[in-house]
Protein chains: 2
Amino acid sequence: MAGTVHERLKDCLVTGSKADKALASYILAKLNTIPFETAASLGAKVAVSEPTVGRFCRTLGYKSFKDFKDALRGDIGDRPWLIADRLKDFQARMLSGGDALAQGLQLEIAGLVAVYELAQSEEWRRAVRRLASAAAVHVAGFQTERGMAQFFANQLQYLRDRVHLLDLAGGNFSELLLTDTANSCLVIFEARRYSRMAPLLAREAREAGVPVILITDAFCDWGRDLVDEMFVVSTEFNMFWDSTAQMASLTNLMMNSVFIELGPGVEARMNRLSQLYSKFTGYVGDPSGPVR
Amino acid sequence: MAGTVHERLKDCLVTGSKADKALASYILAKLNTIPFETAASLGAKVAVSEPTVGRFCRTLGYKSFKDFKDALRGDIGDRPWLIADRLKDFQARMLSGGDALAQGLQLEIAGLVAVYELAQSEEWRRAVRRLASAAAVHVAGFQTERGMAQFFANQLQYLRDRVHLLDLAGGNFSELLLTDTANSCLVIFEARRYSRMAPLLAREAREAGVPVILITDAFCDWGRDLVDEMFVVSTEFNMFWDSTAQMASLTNLMMNSVFIELGPGVEARMNRLSQLYSKFTGYVGDPSGPVR
DNA sequence: CCAGGATTGAAATAAAACTTTCAAAGCGTC
DNA sequence: GACGCTTTGAAAGTTTTATTTCAATCCTGG
């Protein structure tokens, strides 16, 4: 049997034996609590023995009750979502061949949902207000997260003035710490293995009265008490190393929020910036560029 | 200790030992996946032993790890936390009010699936082989895609030698075009509005016999006949401007492919690079860093 | 720098969760 | 009602998961 967990269970409602039907029915009704159950506890609830639960999972095509729970963990459901069919293709491949790629995709989708959920938090609104209203915004990232910091800074520069990318090149962070820090703020991108610089910088900034926004992974145990807002994105997608790609999605979502916070007035700035780019460098197909 | 699971964990962030903080922090960040974990699997994720997880739960006032999970069930049990249900939430919002956030998520998921599909194409394999075997790799990005180029370059540098980030700072691209171009290649990140520089650079590179890989959006009409491999990511997620965030996912996926192509030998390089970082800058919690 | 408590992991042990085996019960068919 | 097939649970066995014990290590405060 193939397909999502939902589908298999529904099939089972029709084709299964009495015990199977009872199990499928109960599981569908109480999906939320299933991961907390064991084969025995579930069996007890449905008035069925433990081995029957195991057999049921095997009928469904899973190796064991445990395997079934794991499938639930990444299951996207059978929503008539725009991409459902293509997604199912991937899932099918995963189930047949243990395709690492398909598994990674599921994890990444789950992470993405989490990022979008973050955007609804109070913490998010606070960070957005800060980014929109601070006198200056400094952005830092270390190792492979340097690019993320750059990406964030470049985008924010379209929306507002006084956005600066910090880097390690000078060996100190005087750009942030030795200027007027009143009402400025700091954004740090960092993931495992954390550079010694990240908490150091966060601590210094805090001591200078500069609020800190940290975008990081789930393993960061030094951030909570050192920063004002902390956003955690998923980084484990079944790849040979952790991926910080979702920091880009978060960045983008945050830019959108800042844009909304700033109001339509920013468009003037954006146009002006484009004009400047056009004047000095030029766009494709833009006759007003510097050279033809 | 008393209170909800959430409260206890937060207390623990302040009062707990190092391992306890790491555990509390991780659990708070990934509450949704905890029901699927065992003490051992959780321990592995935060680099802590199995008994420590058990003790941690007891410190928190629970009888065992199992007891802790049961408490969690009561605490988060009624709010949706399976991906399927959380997605359903977003979808419902989209259908009811045309919620911008929900719509964005839907589009972004679809885009992500498309990126993963790209990773199975012949074109992808070609690009990967190229990135793994070229004598040198140059990476360029313009405007807000500079960060993406940097991100790509920084990651690839972990895997191989001779990766260079090009930029407009010098006003020419001699780093690529005036050195020995034999068997080198160029990667360009670019999205609307395209910098005049992008096609210019691509053309020059091609004339110099340098193959070009282009990562861009769906509107790029100048790329096809100017580059060897072209990867198109979705950029329209219902935001006030296009987002190139998925270029990061693509980059990550590509790094994974290059890693596989290069074989396990790269690990030596990666370790060496980490050692260097440790020596000159240092990691959090790494006593062998340059200063304590 | 050192003593003493706190923290931690390895190994051993205990407990639990799950599977297998097997016999009995259910159920449709002749 | 007997036959054969399927389904099920009890009991025993196996594997996985959690706890205990204990020695090593790490802090902390003198």
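Naming convention: chains lettered A, B, ... in sequence-line order (proteins, then strands); numbering from 1 in each chain.
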First and last nucleotide of DNA chain D touching chain B, 5' to 3', heavy-atom cut-off 4.0 Å? D:dT17 to D:dC27

So which protein nitrogen or oxygen atoms get under 3.5 Å of nucleotides 4-12 of chain C's nitrogens or oxygens?
unit_1	atom_1	unit_2	atom_2	d
C:dT8	OP1	B:Ser17	OG	3.2
C:dT8	OP1	B:Ala19	N	2.8
C:dT8	OP2	B:Ser17	OG	2.8
C:dG9	OP2	B:Ser49	N	3.1
C:dG9	OP2	B:Ser49	OG	3.1
C:dG9	OP2	B:Thr52	OG1	2.6
C:dG9	N7	B:Arg55	NH2	2.8
C:dG9	O6	B:Arg55	NH1	3.3

If the test is side-chain contact (heavy atoms from CB on, under 4.5 Å), which one of A:Thr251, A:Thr244, A:Thr144 qualifies with A:Phe189? A:Thr251

Restricting to side chain to side chain donor-acceptor pair (under 3.5 Å), what partner residues turn up for B:Ser49, sequence neighbours left out? B:Thr52

Lys/Arg-Asp/Glu bridge criterion (N-O < 4.0 Å) met for A:Arg73, B:Glu37: yes

Thinking salt bridges, do A:Arg206 and A:Asp228 make one under a 4.0 Å N-O criterion? yes

May I ask you to decide whether A:Glu236 forms a salt bridge with B:Lys45, counting only side-chain N to carboxylate O separations under 4.0 Å? no

Does the pair A:Lys10/A:Glu7 count as a salt bridge with the N-to-O cut at 4.0 Å? no

Quick one: does any side-chain atom of A:Thr15 pair with a main-chain N or O of A:Asp11 as donor and acceptor, under 3.5 Å? yes

Given salt bridge (charged side-chain N to carboxylate O under 4.0 Å, His left out), test B:Asp85 with B:Lys88 step by step and report yes or no. CA-CA 5 Å; B:Asp85 293 333; B:Lys88 209 188 327 182; 3.5 Å; yes

From CG of B:Asp70 across to C1' of C:dA16 the rounded distance in Å is 13 Å

Round to the nearest Å and state the distance from A:Arg58 atom CZ to C:dT19 atom C1'. 6 Å

